[in-house]
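Any value given below was found using the heavy atoms of this structure, including those in side chains, with hydrogens, waters and symmetry copies removed. Each chain gets a letter, A, B and so on, in the order its sequence line appears, and its residues count up from 1.
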Number of protein chains: 2
Amino acid sequence: MENTTPRQRARLETEAQITRIGNRMVDEDGVDGLSLRAVARELGVVSSAVYRYVKSRDELLTILIRDAFTQIAEEVDAALAEDRSVPSLALSMLDWSRRYPNRWALIYGTPVPDYEAPRQETVVPGTRVMVALTQLIAEASTPPMATSAPSSAEPSRTAQALGPLREGLEELGIDADDAVIMRTLTVWVAIIGAVNGLRFGQFGPGFDDVEADLVRALIADLGA
Amino acid sequence: MENTTPRQRARLETEAQITRIGNRMVDEDGVDGLSLRAVARELGVVSSAVYRYVKSRDELLTILIRDAFTQIAEEVDAALAEDRSVPSLALSMLDWSRRYPNRWALIYGTPVPDYEAPRQETVVPGTRVMVALTQLIAEASTPPMATSAPSSAEPSRTAQALGPLREGLEELGIDADDAVIMRTLTVWVAIIGAVNGLRFGQFGPGFDDVEADLVRALIADLGA
DNA sequence: CACAAAACAAGAGCAGTGCTCACTATTGTT
DNA sequence: AACAATAGTGAGCACTGCTCTTGTTTTGTG
């Protein structure tokens, strides 16, 4: 009852090796350093041969992107298992971004031009962390006092603006009220913005030793 | 007493044309669509000739980045002249990002690989908007009640984390206290994170008509 | 076991990139 | 008119993604 022939095994092994090499290339030289020709070279094979395994460079990119999303989600989940809090989530993201800056850029930086990630392939892994944050915020918010007192001047505009997000969450089986969604969005964009700023050097130099403290202070300032 | 010879005039004109073409190429095809060979083609000249005007593709990129920083800063300044408020700043950034998404990506997205923007060339234009935000926040914060009551458990850690930012501001002649810097950072990363998310499609589809409302709601939620 | 079918690999080739180098026009100044 | 600075040429190198044709190897099946 062996349902994997040696051929299939070899194929899977080669595919795994390609993504391994691809990940290493992204880690070393960024997304622009990802070259199928170089992969072929490293595999000891002629360039056209790798097209047996991946349809195009973009397809390999999709694989790497999905991998990266999954990897950071696993790490965040692990961190939350030990300390279920917003700082824990943010700091584990920051930590991952420090270890894999180019993979971070791959998923949270400028999208690769002319390349649209197939939503069905990446939406679920790509939203795991944000979903986790939503649930965290939902737990922390006391259900009764849902709508906050101030800034209730234009509720419909805000509610409408949050529409697409709410729908996205519903598709994933999450049912959060607008206050939670709003809060989640705020915290989320702040975290992503902060880590991007640090990773991309937009705040200038000198942050290397204080990154975690900065993120901690940010979360505190957000009141989360 | 003409201090510009026709030759110099021609040179400047050509340089201006190159950056014009370069900007257009970035607008149309993103940073990867920027090709010196294509620029040469459009100039009706052989490819190596453009190297008389720009030392390398990276140098042209630096020019375009400086341009983009300057352009968005001008627009923000104009918006603030009419309505001096944080939403005004954020919404004018958002608006600019919608009109020039690829230029936005150029300055606030993933940095171009292997390319380090010469700080001296880009630091001043690159920080104008953030400086404007700092001053806005400083004006709004009542000087006496500087340090906010809560989250004063670890003041030195936060102060130290904000150190590099404070130094950067001092170099630009700005002298803000830590509470203002902290608040500025929070609002800044939230704005950048939100616009990036919208521009890069990280929130999924369906936001086109509600982007401004979303940013407004975000600023409101931040209490700015 | 023999054989067709499927999978894999090779190698040449196309169109494009950044960049360099030696060489020739063109232009402005002495 | 002679000379030097500047502008432009065209060939060439090393690289990219990707395709197509040819040959080889492995595999499942009659």
- Figure out the CD/P separation between A:Glu59 and D:dC18, and round it to whole Å. 10 Å
- Message: In this structure, how many angstroms lie between the P atom of D:dT6 and the CZ atom of B:Arg9, rounded?
- Response: 19 Å
- Query: Under the 3.5 Å rule, do the base of D:dG10 and the side chain of B:Ser48 count as making a donor-acceptor pair?
  - Reply: yes
- Message: So A:Val45, base contact, sugar-phosphate only, or nothing? Heavy-atom distance under 4.0 Å.
- Response: sugar-phosphate
- Checking only heavy atoms, does the side chain of B:Arg37 share a donor-acceptor pair with the base of C:dG16 at less than 3.5 Å? no
- Mind checking A:Leu43 for me? I need base, sugar-phosphate or nothing, with any heavy atom below 4.0 Å counting as a touch. nothing
- Query: Roughly how many Å is it from CG in A:Asp32 to C1' in D:dC15, rounded to a whole number?
  - Reply: 13 Å
- Query: Does OP1 or OP2 of D:dT6 have a side-chain N or O of B:Tyr53 closer than 4.0 Å?
  - Reply: no
- Item | Distance in angstrom units between A:Glu42 CD and D:dT16 P, rounded | 13 Å
- Message: Tell me whether the rings of B:Tyr108 and B:Trp188 are parallel (<30°), tilted (30 to 60°) or perpendicular (>60°).
- Response: perpendicular
- Does a side-chain N-to-carboxylate-O contact under 4.0 Å join B:Glu75 and B:Arg99? yes
- Under the 3.5 angstrom rule, does the side chain of A:Asn102 hit a backbone N or O of A:Val26 as a donor-acceptor pair? yes
- Check A:Ala38 against A:Met25 and note the closest heavy-atom contact, atom names and distance. CB-CE, 3.4 Å
- Item | Whole-Å gap separating P (D:dG17) and CG (A:Leu61) | 11 Å
- Closest nucleotide among D:dG8, C:dT17, D:dG17 to the A:Arg57 side chain: D:dG17
- Mind calculating the distance between CG (A:Asp29) and C1' (D:dC15) to the nearest angstrom? 14 Å
- Measure from the side-chain heavy atoms of B:Tyr51 and tell me the nearest of C:dG18, C:dC8, D:dA7. C:dG18
- Message: For D:dT9 and B:Arg52 - does any side-chain N or O of the residue sit under 4.0 Å from the phosphate oxygens OP1/OP2?
- Response: no
- Between the base of D:dG17 and the side chain of A:Ser35, is there a donor-acceptor distance below 3.5 Å? no
- Query: Nearest-Å distance, CG (A:Leu12) to C1' (C:dA7)?
  - Reply: 14 Å
- Derivation of the side-chain contact (heavy atoms from CB on, under 4.5 Å) call for B:Ile18 and B:Glu15: CA-CA 5 Å; B:Ile18 288 177; B:Glu15 282 172 355; 5.6 Å; no
- Message: Which nucleotide wins on minimum distance to the side chain of B:Ser47, given the candidates C:dC8, C:dC19, C:dA10?
- Response: C:dC19
- Euclidean distance, atom CZ of residue A:Arg41 to atom P of D:dA14 [Å, nearest integer]: 13 Å
- Message: Classify B:Leu34 by what it touches in the nucleic acid, base, sugar-phosphate, or nothing, heavy-atom distance under 4.0 Å.
- Response: sugar-phosphate
- Regarding the side chain of B:Ser56, the nearest nucleotide among C:dA9, D:dG8, C:dC19 is C:dC19
